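Below, all heavy atoms of this structure are taken into account, side chains as well, without hydrogens, waters or symmetry copies. In this text the structure is predicted, and so the values were computed from the model without any measurement.
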Protein chains: 2
Amino acid sequence: MSDTENVERFSNVLSGVVKLTKTLSDGRQQIVGLQFAPDFLGRPFQAESTLTAEAATNVELCSFPRQALERMMKEQPDLEHRLLEQKLRELDQARDWMVALGRKTAAEKIASFLLMIARNIDPAAGPELRAAAFDLPLSRAEIADFLGLTIETVSRQLTRLRGNNVIRIDNNRHIVVDDLARLEVRSGD
Amino acid sequence: MSDTENVERFSNVLSGVVKLTKTLSDGRQQIVGLQFAPDFLGRPFQAESTLTAEAATNVELCSFPRQALERMMKEQPDLEHRLLEQKLRELDQARDWMVALGRKTAAEKIASFLLMIARNIDPAAGPELRAAAFDLPLSRAEIADFLGLTIETVSRQLTRLRGNNVIRIDNNRHIVVDDLARLEVRSGD
DNA sequence: CGTTTCCTTGAGCGGTGTCAAGCCGTGTGG
DNA sequence: CCACACGGCTTGACACCGCTCAAGGAAACG
């Protein structure tokens, strides 16, 4: 399952990573959100703005039509409350990335991105893990679209982190971070 | 009233513009949201992330403590629903700006910013107005923090738009746009 | 007046983009 | 099994946009 998803439906992400993309008329793209399990997926109450949801990895979804959701919310106010909390979290995340996009250097963006993946990819991991190993859910091109960079800059910055022994890279996708604190230092926060 | 506001309280913006700012440890700042009348202001259900709300212009607020809001929401589910819709709009706006921050040039950022102000500053104006005149609610430094640029770049791009007769500038703050379509062409969307 | 703050303008530099070449792993067909 | 093509990634050379640093103008205010 790595196709574009219809946003007129709603889903829970059971496993995998879904990317939310916006595209300018001349083709420039920006990934504006990543949804990990067990996030909720969809935008109720309005015609969607020009937003595309696409699987970034193999994804398992629990999906149902818009009307079903809105009916369920009427019957069960608790559901609307949980939806609100999820959307508030997404808003916080979006604003964190705005700082990265607007004010961080390429090196800081890459470090922040790796940290964010390390902390989200394993749902079981607590907030205070010291090391991490994971497969990148995005290609270099997708990372570039997420960070507002080019493929080449992403590649150069990853090579640089490897050269400084902050990360190891296997198969272009698998990343090992022995000391997350060293990444954090470079994330600019 | 142009002071920092306590985010442990909640408010309706009755008039004026409030800016939401995030700051990195070394002082770099990014404005992550602008709230116009009649927007709602505040972040329920959780310790606030590091977000500062500050009046950008003279502002009138209708403010009340956190607990009052959460009590009112329990009693009146409709309120929680309206809050959800507002937060969904804020999320859409945040994602629009992520595209601007990540993928637009300085010139496009400035054009997009002016368009956005023109459309929000007068709550009465419909979506299809052809011309606009308004006072910028932000200083050059604040515009820079909003667009991920420097003061100098903001100034140069505004001068350039004036040189091309797309806008007129009085008193450094008052902007006149005779043809919004010409701005839209330069906004990159 | 002088001072301050905000803004503009210029000169030069650097980080990131652009363009181009080549590498590596994988799949495909002979 | 090899030859080849292909996509994803890396690396290098160079250009340019936007940043840095610096000087000075304009308006507000003492």
Side-chain angles (χ1 to χ4, degrees), chain A residues 2 19 24 26-31 54 56-57 99-114 135-164 166-175 186 188, chain B residues 2 19 24 26-31 54 56-58 99-114 135-164 167-175 186 188:
Chain A
S2 58
K19 56 175 179 164
L24 296 178
D26 64 357
R28 282 174 289 178
Q29 278 197 342
Q30 176 70 42
I31 295 179
E54 213 171 336
T57 63
V99 184
L101 290 171
R103 288 305 184 197
K104 289 188 181 178
T105 65
E108 290 168 338
K109 287 177 179 179
I110 293 288
S112 305
F113 172 73
L114 293 176
D135 278 348
L136 290 174
L138 305 184
S139 68
R140 299 292 187 271
E142 289 169 325
I143 296 173
D145 282 346
F146 189 61
L147 298 176
L149 299 170
T150 59
I151 295 180
E152 294 92 331
T153 299
V154 170
S155 178
R156 279 188 255 265
Q157 294 298 336
L158 284 173
T159 301
R160 195 157 148 268
L161 281 179
R162 188 187 49 192
N164 294 334
V166 179
I167 63 175
R168 279 175 286 155
I169 308 179
D170 304 336
N171 291 333
N172 288 340
R173 282 282 191 144
H174 191 74
I175 303 286
R186 291 159 197 256
Chain B
S2 58
K19 55 175 180 164
L24 297 178
D26 65 357
R28 283 174 289 178
Q29 277 196 341
Q30 175 69 43
I31 295 179
E54 214 170 334
T57 63
N58 284 0
V99 184
L101 290 171
R103 288 305 185 198
K104 289 187 181 178
T105 65
E108 290 168 337
K109 286 178 179 178
I110 293 287
S112 305
F113 172 73
L114 293 177
D135 279 348
L136 290 173
L138 304 184
S139 69
R140 299 292 186 273
E142 289 169 325
I143 297 174
D145 281 346
F146 189 61
L147 299 176
L149 299 171
T150 59
I151 295 180
E152 294 92 330
T153 299
V154 170
S155 179
R156 279 187 256 266
Q157 294 297 337
L158 284 173
T159 301
R160 193 156 148 270
L161 281 179
R162 188 187 50 194
N164 295 334
I167 62 175
R168 279 175 286 155
I169 308 178
D170 304 335
N171 291 330
N172 287 340
R173 282 282 190 144
H174 192 74
I175 304 285
R186 291 159 196 257

Exercise. State whether the side chain of A:R162 and the backbone N or O of A:I167 hold a donor-acceptor pair below 3.5 Å, judged by distance alone.
Key: no
Quiz item: When you measure from the side chain of A:R186 to the backbone N and O of A:A111, does any donor-acceptor pair fall under 3.5 Å?
Solution: no
Whole-Å gap separating [atom2] ([N]) and [atom1] ([X]):
X	N	atom1	atom2	answer
B:L161	C:dC7	CG	P	16 Å
A:N171	C:dG25	CG	C1'	9 Å
B:Q157	C:dC7	CD	P	16 Å
A:N172	C:dG25	CG	C1'	9 Å
A:D145	C:dG17	CG	C1'	14 Å
B:L158	C:dT9	CG	P	11 Å
B:I110	C:dC7	CD1	C1'	13 Å
A:H174	C:dG25	NE2	P	17 Å

Exercise. Please work out if B:L149 contacts a base, only the sugar-phosphate, or nothing of the nucleic acid, heavy-atom cut-off 4.0 Å.
Key: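 Result for B:L149 = sugar-phosphate.
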Exercise. Starting at CD of A:Q157, measure out to OG1 of A:T105 and round the result to the nearest 0.5 Å.
Key: 7.0 Å
Quiz item: How long is the gap from OG1 on B:T57 to NZ on B:K19, to the nearest 0.5 Å?
Solution: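 It is 11.0 Å, given to the nearest 0.5 Å.
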Quiz item: So where does chain B start and stop touching DNA chain D, 5' to 3', when the test is distance under 4.0 Å to a non-hydrogen atom?
Solution: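 Terminal contacting nucleotides, 5' to 3': D:dG18 to D:dC21.
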Practice problem: With the side chain counted from C-beta on, respond yes when A:L147 and A:K104 share a heavy-atom pair under 4.5 Å apart, and no when they do not. | Solution: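 No, too far: nothing below the 4.5 Å cut-off.
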Quiz item: Hey, does A:Q30 have a side-chain heavy atom less than 4.5 Å from the side chain of A:L101?
Solution: yes
Practice problem: Look at the side chain of A:A106 and decide which nucleotide, out of C:dT16, C:dT8, C:dC7, has an atom nearest to it. | Solution: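 So the side chain of A:A106 is nearest to C:dT16.
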Quiz item: So, is B:S155 near the phosphate of C:dC7, with a side-chain N or O under 4.0 Å from OP1 or OP2?
Solution: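 So the side-chain polar atoms of B:S155 never come under 4.0 Å of the phosphate oxygens OP1 or OP2 of C:dC7.
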Quiz item: Is the base of C:dC19 touched by the side chain of A:E152 through a donor-acceptor pair closer than 3.5 angstrom?
Solution: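 For A:E152, whose side chain was compared with the base of C:dC19, there is a donor-acceptor pair (under 3.5 Å).
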Self-check item: Polar side-chain contact A:R156-C:dT18 base: donor and acceptor under 3.5 Å
Solution: yes
Self-check item: Given DNA chain C, 5'-ward residue of the pair A:T153 and B:I151, judged by closest heavy atom
Solution: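 In this pair, the answer is B:I151.
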Self-check item: A:R160 atom CZ, over 12 foreign heavy atoms within 6.0 Å
Solution: no
